[in-house]
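Letters go in sequence order (proteins before strands), and every chain restarts at 1.
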Number of protein chains: 2
Amino acid sequence: MSGDSLDPYVDLYAGRARGLIVSEIRALFAVANRPEVVSLAGGAPYVSALPLDEVAAIVGELIAEHGAQALQYGSGQGDPVLRERICDVMAVEGVRGTPDDVLVTVGSQQALDLLARLFIDPGDVVIAEGPTYVGALGAFAAAQADVVHVPLDDNGLQPEALREALGRLAASGRRAKLLYTVPNFHNPAGVTLAASRRQEVVELAQRYGVLVVEDNPYGLLGFDHEPLPALHSLAGGRNVAYLGSFSKTFAAGLRVGWVLAPPAVREKLVLLTEAQILCPPALTQLAVVRYLEAMAWQEQIKVFREAYRERRDAMLDALDALMPRGCRWTRPGGGFYVWLTAPDGVDTKLMQPRAIGQRVAYVPGTGFYADGSGRDAMRLAYCFPPPAEIREGVRRLAAVLEDERELAATFHRAGTARSDGRQTHRGEVPGPAIP
Amino acid sequence: MSGDSLDPYVDLYAGRARGLIVSEIRALFAVANRPEVVSLAGGAPYVSALPLDEVAAIVGELIAEHGAQALQYGSGQGDPVLRERICDVMAVEGVRGTPDDVLVTVGSQQALDLLARLFIDPGDVVIAEGPTYVGALGAFAAAQADVVHVPLDDNGLQPEALREALGRLAASGRRAKLLYTVPNFHNPAGVTLAASRRQEVVELAQRYGVLVVEDNPYGLLGFDHEPLPALHSLAGGRNVAYLGSFSKTFAAGLRVGWVLAPPAVREKLVLLTEAQILCPPALTQLAVVRYLEAMAWQEQIKVFREAYRERRDAMLDALDALMPRGCRWTRPGGGFYVWLTAPDGVDTKLMQPRAIGQRVAYVPGTGFYADGSGRDAMRLAYCFPPPAEIREGVRRLAAVLEDERELAATFHRAGTARSDGRQTHRGEVPGPAIP
């Protein structure tokens with residue numbers, strides 16, 4: 001936070017105010033949303049694929065016929081019928097839970113925040129993939145957690161690295177409280193935790209007494225095969241809090257997510273959410289109930305899936321055809337994101353203003369780490385722009401990366417590059433983000 | 001929390017989990033909502049007074065015509081057009097603010113929680129009226145605040161008592177961080193802070209460097225006169241966070257509230273809310289915008305006001321006619337609540353199961369204090385039941401109170417009553433809450 005010396009309230013704030021961080025993604029959005037820019041930055045789902053007239057009709061009926069309930073306060077834990085329907089939705093991925101153990105949240109973000117508040121004292125350790133979801137980093141930072149990253153590869157979280165991290169922490173007398181993971185179609189990495197690794201991850205967490213926070217917003221958006229077993233299923237529900245969301249399978253603007261947690265944890269989460277929001281909005285919850293009961297929601301997920309598959313293909317094809325040598329990227333089997341590693345010496349954060357100048361936006365990799373890593377990488381989202389725009393965006397990005405690669409190579413030959421990959425590899429100060 | 005010894009996660013929780021408390025109101029609602037019980041307990045607004053068909057039509061149109069926005073993620077601070085309309089709504093009570101300084105929240109509860117998180121370290125002092133709003137106590141408890149009550153009278157918070165409390169804290173080296181107050185049509189006390197006291201409250205808070213949290217959900221629901229000047233207005237916005245809500249003037253089930261805060265505070269609140277919920281639901285926010293722009297919302301507030309006035313009158317008339325001697329109660333000029341003090345020796349918490357047995361529910365006064373006070377009082381809500389039911393509820397309650405008064409007097413004569421008013425003034429263990 002800048003300007004604290006001028007803030008008249010500065011000596012009133014709680015210690016945790018120091019954990020507040022400005023998301024790199026937020027700072028980027030103001031420019032990325034300009035019409036002339038192709039944004040491969042935002043993770044906004046393609047909600048226009050919904051039959052809007054039908055959704056309008058069911059929500060209108062809901063208010064006209066059940067307004068006294070839909071416009072009224074409700075239960076802090078969430079609408080009981082919605083919690084039943086959520087159990088039906090989870091069952092599609094083989095996750096078993098009872099409505100009693102489901103808490104409805106204002107998107108998965110609130111579930112992350114509640115879990116962080118319930119478990120994290122300042123300085124407590126959270127293990128997360130590296131890279132990891134930026135919103136989770138925000139919730140953990142607000143709780144003043146110490147985030148320890150465990151690397152990913154094309155098969156997801158590396159169990160060996162997890163074992164080492166847990167052992168290292170234990171040896172130093174510290175204990176991780178939470179293991180945060182996005183096993184399916186990872187945000188931002190686009191990879192999926194291999195079936196063969198899942199049991200081991202669960203066993204490690206149980207052995208070290210760590211609660212697994214399994215965040216699964218994209219699980220039903222796989223292109224290639226049936227869903228893999230959830231960590232929650234493999235653990236028989238023990239030591240796992242499972243997070244789901246309707247943001248990607250129905251509509252993000254409703255902010256309806258949920259957490260399925262062991263009873264003792266769920267009981268405390270309900271008390272925390274009541275202190276935080278009293279109860280989630282009845283209107284959005286009952287809109288989801290109507291949607292699930294009156295419309296062919298599983299067919300609609302197929303519509304979304306095919307749209308995202310087409311966009312994923314457009315992005316991968318364009319990357320294959322256009323990216324300069326030295327670039328590598330993941331090949332997602334579902335979800336919204338590709339993770340691209342730039343050629344040696346290219347700093348994606350420093351490159352960002354020049355990319356915006358060439359009318360293409362992405363999120364620099366640093367946004368997805370708590371420790372400053374990620375300057376060699378970027379997240380590319382294919383969920384929102386139509387395929388032709390994706391191709392054009394990749395074309396622009398490839399040209400910028402090619403220029404950067406050549407510059408980096410020139411400076412490397414001239415001996416100015418530093419080996420930690422964090423050099424400002426030009427002699428100039430980066431320009432403003434707005435071209 | 002009971003059963004912690006059986007909770008396998010007990011050694012994983014954060015310290016703040018110890019601040020989680022079960023609201024007395026929540027425990028009561030399961031029985032209070034039975035159809036045979038007249039509930040004077042809940043604060044549910046009379047949303048059926050809305051023209052539900054018209055609301056259904058505008059929300060349906062919103063989705064059909066602007067679904068790509070209404071079903072999508074939005075800004076963490078809240079929709080910019082809604083923030084403009086909120087400034088219009090605040091202006092009706094003379095409160096001046098710019099859209100930049102407004103944060104949209106998931107009901108006022110989220111604003112309370114965000115402020116508590118931003119300002120309260122464990123053990124920090126919050127000054128609140130005694131009694132005070134139960135949801136605020138929940139948010140302060142979750143932040144592990146030490147709540148110091150300052151008494152109310154028929155003219156609201158007593159400035160002399162506030163001055164003493166601030167001086168006493170300063171003398172003991174402690175400083176209150178927040179002064180939480182509901183100046184208009186207080187929940188639960190039903191009283192309004194007199195105009196003549198407002199300037200003094202503001203000056204005391206400024207002198208002692210305390211941020212005033214002015215919670216004003218009922219300000220537009222006054223029966224007798226124009227709104228009094230807000231503390232925010234008297235302070236010129238300095239040192240005041242002003243909370244508003246559409247829960248009582250439109251629909252509680254949308255969970256749309258707001259906080260108007262000084263820029264430095266607002267900036268941090270935005271970061272905190274992004275970590276907590278990413279952004280508020282677009283659908284509910286845009287529904288409020290449509291409602292304010294397309295419908296005669298000020299006329300609708302008059303409809304609500306007249307309905308609540310009729311119910312207030314029904315309750316006061318019934319109390320005047322039926323209550324046994326020794327009872328006192330407030331005479332609200334707006335809002336939802338009457339605060340009733342029972343005859344000497346009557347314990348409203350112990351009496352509660354017997355009242356439920358006689359098919360009438362209220363909230364015992366202890367729910368509105370952090371320190372166990374309030375056993376001599378209760379909150380009666382007239383907002384939801386129709387007038388005839390209110391009269392019947394008061395009739396049942398009067399009979400129970402009469403019995404209790406006689407019992408208390410008998411035991412008092414027999415010398416068993418204790419002077420602190422906390423005696424279990426019968427020889428028996430209280431029966432179960434469910435008759």
Per-residue tally against chain B (heavy atom, under 4.5 Å) across A/A44, A/A70, A/A287, A/S48 peaks at A/A44
State plainly whether the residues A/K177 and B/D11 are in salt-bridge range, i.e. N to O under 4.0 Å. no
Looking at B/D7 and A/K268, does any basic side-chain N land under 4.0 Å from a carboxylate oxygen? yes
Given B/P51, B/G209, B/A64, the one with more heavy-atom pairs under 4.5 angstrom with chain A than any other is B/A64
CZ (A/F384) with more than 12 external heavy atoms under 6.0 Å: no
Check whether A/R175 gets within reach of chain B through its side chain, its backbone, both or neither, counting any heavy atom under 4.5 Å. side chain
Any pair with a residue in residues 275-291 of chain A that passes salt bridge (charged side-chain N to carboxylate O under 4.0 Å, His left out), sequence neighbours left out, goes on the list, sorted by first then second residue, please. A/E61-A/R290, A/E65-A/R290
Leading residue by heavy atom contact count with chain A [cutoff under 4.5 Å; candidates B/L211, B/L112, B/I277, B/T105]: B/I277
Check for a donor-acceptor pair, side chain of A/D121 on one end and backbone N or O of B/A14 on the other, with a separation under 3.5 Å. no
Chain A contact via B/A57 - which portion, at a heavy-atom distance below 4.5 Å: neither
Below 4.5 Å from any heavy atom of chain B, which atoms of A/P280 appear? Answer side chain, backbone, both or neither. backbone
Quick check: does any side chain N or O of B/Q109 sit under 3.5 Å from a backbone N or O of A/A275, one acting as donor and the other as acceptor? yes
Identify which of A/A251, A/A252, A/A282 forms the greatest number of heavy-atom pairs closer than 4.5 Å to chain B. A/A252
For B/S108, all residues meeting side-chain contact (heavy atoms from CB on, under 4.5 Å), sequence neighbours excluded: B/D215, B/L243, B/S245
Side chain to side chain, B/D53 and A/I63, heavy atoms closer than 4.5 Å: no
Do B/P45 and A/Q72 come close enough that some side-chain heavy atom pair is under 4.5 Å? yes
Give, as side chain, backbone, both or neither, the part of A/V265 having an atom under 4.5 angstrom from any heavy atom of chain B. both
Of B/L114, B/L71, B/L62, B/L254, the largest count of non-hydrogen pairs under 4.5 angstrom with chain A goes to B/L71
Could you have a look at B/R238, B/E54, B/Q110, B/Q69 and say which one has the most heavy-atom pairs with chain A under 4.5 angstrom? B/Q110
Flag yes if more than 12 heavy atoms outside B/Y9 fall under 6.0 Å of its OH atom; otherwise flag no. yes
How far does CD of A/E274 sit from CG of B/D113, to the nearest 0.5 angstrom? 12.5 Å
To the closest 0.5 Å, what do you measure between CG (A/L12) and CG (B/L178)? 7.5 Å
Check each atom of A/A116 against the heavy atoms of chain B and say whether the ones under 4.5 Å are side chain, backbone, both or neither. backbone
Calculate, to the nearest 0.5 Å, the distance between atoms CZ and CD1 belonging to B/R16 and A/I120 respectively. 8.5 Å
In terms of heavy-atom pairs under 4.5 Å with chain A, the winner among B/L272, B/T284, B/D124 is B/L272
Determine whether B/R255 and A/R255 make a side-chain contact, defined as any pair of heavy atoms from C-beta on separated by less than 4.5 Å. no
Is chain B contacted by the side chain of A/F246, its backbone, both, or neither, given a heavy-atom distance below 4.5 Å? neither
Identify which of B/G43, B/A136, B/G60, B/A143 forms the greatest number of heavy-atom pairs closer than 4.5 Å to chain A. B/G60
